[in-house]
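Structure, as structure tokens:
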Protein chains: 2
Amino acid sequence: MTTKPMLAAPMPPDIAPIENVPLRVQVADRLRSAILSGRLRPGTGLVETALAEQMNVSRAPIREAIQILENDGLVETIAYKGKRVKPLTAREVAETYSLREVFEVMAVRRILENGAPLDLLREHCDAMTEAAEADDFEALVAADEAFHHALIMLADHDLLLASWKNLYLRIHQIMALRNRDEHNLTEVAGNHPPIVQALADGDADRAVKLISDHTRILAAFDPATIAQDL
Amino acid sequence: MTTKPMLAAPMPPDIAPIENVPLRVQVADRLRSAILSGRLRPGTGLVETALAEQMNVSRAPIREAIQILENDGLVETIAYKGKRVKPLTAREVAETYSLREVFEVMAVRRILENGAPLDLLREHCDAMTEAAEADDFEALVAADEAFHHALIMLADHDLLLASWKNLYLRIHQIMALRNRDEHNLTEVAGNHPPIVQALADGDADRAVKLISDHTRILAAFDPATIAQDL
DNA sequence: CACTTATGGATTGTCGACATTACACAACAG
DNA sequence: CTGTTGTGTAATGTCGACAATCCATAAGTG
């Protein structure tokens, strides 16, 4: 009866836990990284054969990788015509941020209902403050993402987390395409501690208002900077 | 020598504007329909070779179709192991409805801000009432979806619409797996007109509360009915 | 010259075959 | 009988080649 193979040795004996990553995933990761970093700008055409030769793989993994990115909403396909990095319109940018606001407000409400611990958030706040003082843009962006990621995770809602992650891909892309001068680092960093404080106080209305305002500040942008029709 | 009829008229000459639908899309549509109708229950394994032979196509379109469904969140893949219709846990069902609530609340708020016309909503309300009086479950479900779809569309937010559509796929699936006896048709139908009225009155708080309550009523379910670990 | 009609090239769509991996079961040793 | 090891099978992963489609451009016609 080997319905469930109970292993006497519960350890993974392999020294090398080499996760066997399918090629399509590797390709998708590389392409996604290129898009999110802004190296592959919106509107750039993605030709399967060229990518296949460039990465020394067959077209099949390339196709599937591109489809993954399409699912992420980063690429769009026109049948028999071509595939390209999805153009970013000003409207899409605005919608992305407004949806993010709704997600984060939902997270705040759930955190207050469930009474999640706030230590993580405080840590990320400190990291942001340090980054702002050092005028380190990359570090601040990383800490900011960590903060909001933690915020969503504390909401304990897998579907919300997945949706937020997907949405945040575009946030990443947008920020990469932006001019960093648009951001006031100290102001961005300073926005966060009050949110944590409001959460600690259990003040839902204040926390919601703070997180909303914070998101809206980030959403303020110059459409001409990134919006492209092609 | 093309046999194509030469037409002086600049009109689209083909009587049949046969949209050339890729096989992967046709396959994806068929599979999605089967899943959403409950014919393919959660946990069911999807074997590429079997499906390929069954539908008389190669494995490539099948693979890509399954990946589309994976993007829809209806299928999950375990590398080198197999693919199956994603099992529905009680938690996922609850999360699906709670996220839907957030989406619809967002739509209500935007509708009130933008002052969208409400005629469409009233029409769908009437259709639901008729369906409830005729005890026609299918018609009520259709009218209900039309109502909520219209609600989201009136919010004039493409990203919200896309997210809602994706989420509603699972709602479809859940409803198909449910016992229809769980629903009180007249009650469900009766929930909607007050929402429209609140919108017409411009009463944001009341509209939000009504839509929230309505969603939560729908979310009430017996986990054992649909939840499956395998 | 204006307008229609071929034609060529480039790109995606589909196919069948082979490679790789993981699990289950049998064979075997203690 | 218990635990380990080998082997087979079934599934996905990857590949190269061919077909279908669209677009741009050139050729032809009044």
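The basis for the numbers below is simple: all heavy atoms, side chains too, and nothing from hydrogens, waters or symmetry mates. Chain letters run A, B, ... following the sequence lines, proteins first, then strands; residues in each count from 1.
The closest donor-acceptor contact from the side chain of A/D136 to the backbone of A/E138 lies under 3.5 Å.
The side-chain hydrogen bond (donor to acceptor under 3.5 Å, both in side chains) check on A/R59 picks up A/E48, with sequence neighbours excluded. The side-chain contact (heavy atoms from CB on, under 4.5 Å) check on B/A34 picks up B/R39, B/L40, with sequence neighbours excluded. With sequence neighbours excluded, the residues forming a side-chain contact (heavy atoms from CB on, under 4.5 Å) with B/D156 are A/R91, listed by chain and number. Applying the side-chain hydrogen bond (donor to acceptor under 3.5 Å, both in side chains) test to A/R109 and every residue at least two apart in sequence or in another chain returns nothing. B/E101 meets the side-chain contact (heavy atoms from CB on, under 4.5 Å) test with B/V105, B/S212, B/T215, B/R216; sequence neighbours excluded. Residues meeting the side-chain hydrogen bond (donor to acceptor under 3.5 Å, both in side chains) test with B/E76, sequence neighbours left out: B/R84. Residues meeting the side-chain contact (heavy atoms from CB on, under 4.5 Å) test with A/L169, sequence neighbours left out: A/R32, A/L36, A/D72, A/L74, A/N166. Remark: B/E70 engages B/T77 in a side-chain hydrogen bond (donor to acceptor under 3.5 Å, both in side chains) (not counting sequence neighbours).
For the pair B/L23 CG and C/dT12 C1', the interatomic distance rounds to 13 Å; values are reported in whole Å. At whole-Å resolution of the value, CD in B/E76 and C1' in D/dT12 are 15 Å apart. In this structure, the CZ atom of B/R84 is 16 Å from the P atom of D/dA11, given to the nearest Å. Nucleotide C/dG13 holds its P atom 7 Å from the CD atom of B/E64, rounded to whole Å. The CD atom of A/Q67 sits 14 Å away from the C1' atom of C/dT14 (whole-angstrom rounding).
Across C/dT12, D/dC15, C/dC15, the shortest atom-to-atom separation from the side chain of A/K83 is found for C/dT12. Of the listed nucleotides (C/dC15, C/dG13, D/dT12), D/dT12 has the atom at the smallest distance from the side chain of B/R59.
The phosphate of D/dG13 has OP1 or OP2 within less than 4.0 Å of a side-chain N or O from B/R63. Taking side-chain N and O atoms only, A/R24 has a distance below 4.0 Å to OP1 or OP2 of D/dG13.
Here the CD1 atom belonging to B/I174 is positioned 4.5 Å from the OG1 atom belonging to B/T96, to the nearest 0.5 angstrom.
The stretch residues 45-58 of chain A comes close to DNA chain D through A/V57, A/S58, each having a heavy atom under 4.0 Å from the strand.
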Any N/O pairs under 3.5 Å between the protein and nucleotides 20-23 of chain D? List them or say none.
from   : atom 1 : to    : atom 2 : distance (Å)
D/dT21 : OP1    : B/N20 : ND2    : 3.1

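End-to-end axis angle for the helix from C/dC1-D/dG30 to C/dG30-D/dC1, using five pairs per end and rounding to 10°, comes out at 10°.
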Report, one line per pair, each donor and acceptor closer than 3.5 Å where one atom sits in a side chain of residues 139-153 of chain B; sequence neighbours left out.
from   : atom 1 : to     : atom 2 : distance (Å)
B/D144 : OD1    : B/H148 : NE2    : 3.4
B/D144 : OD1    : B/H192 : NE2    : 2.9
B/D144 : OD2    : B/Y168 : OH     : 3.4
B/E145 : OE1    : B/H172 : NE2    : 2.7
B/H148 : ND1    : B/E104 : OE1    : 2.7
B/H148 : ND1    : B/E104 : OE2    : 3.3
B/H148 : NE2    : B/R100 : NH2    : 3.3
B/H148 : NE2    : B/H192 : NE2    : 3.1
B/H148 : NE2    : B/H214 : NE2    : 3.3

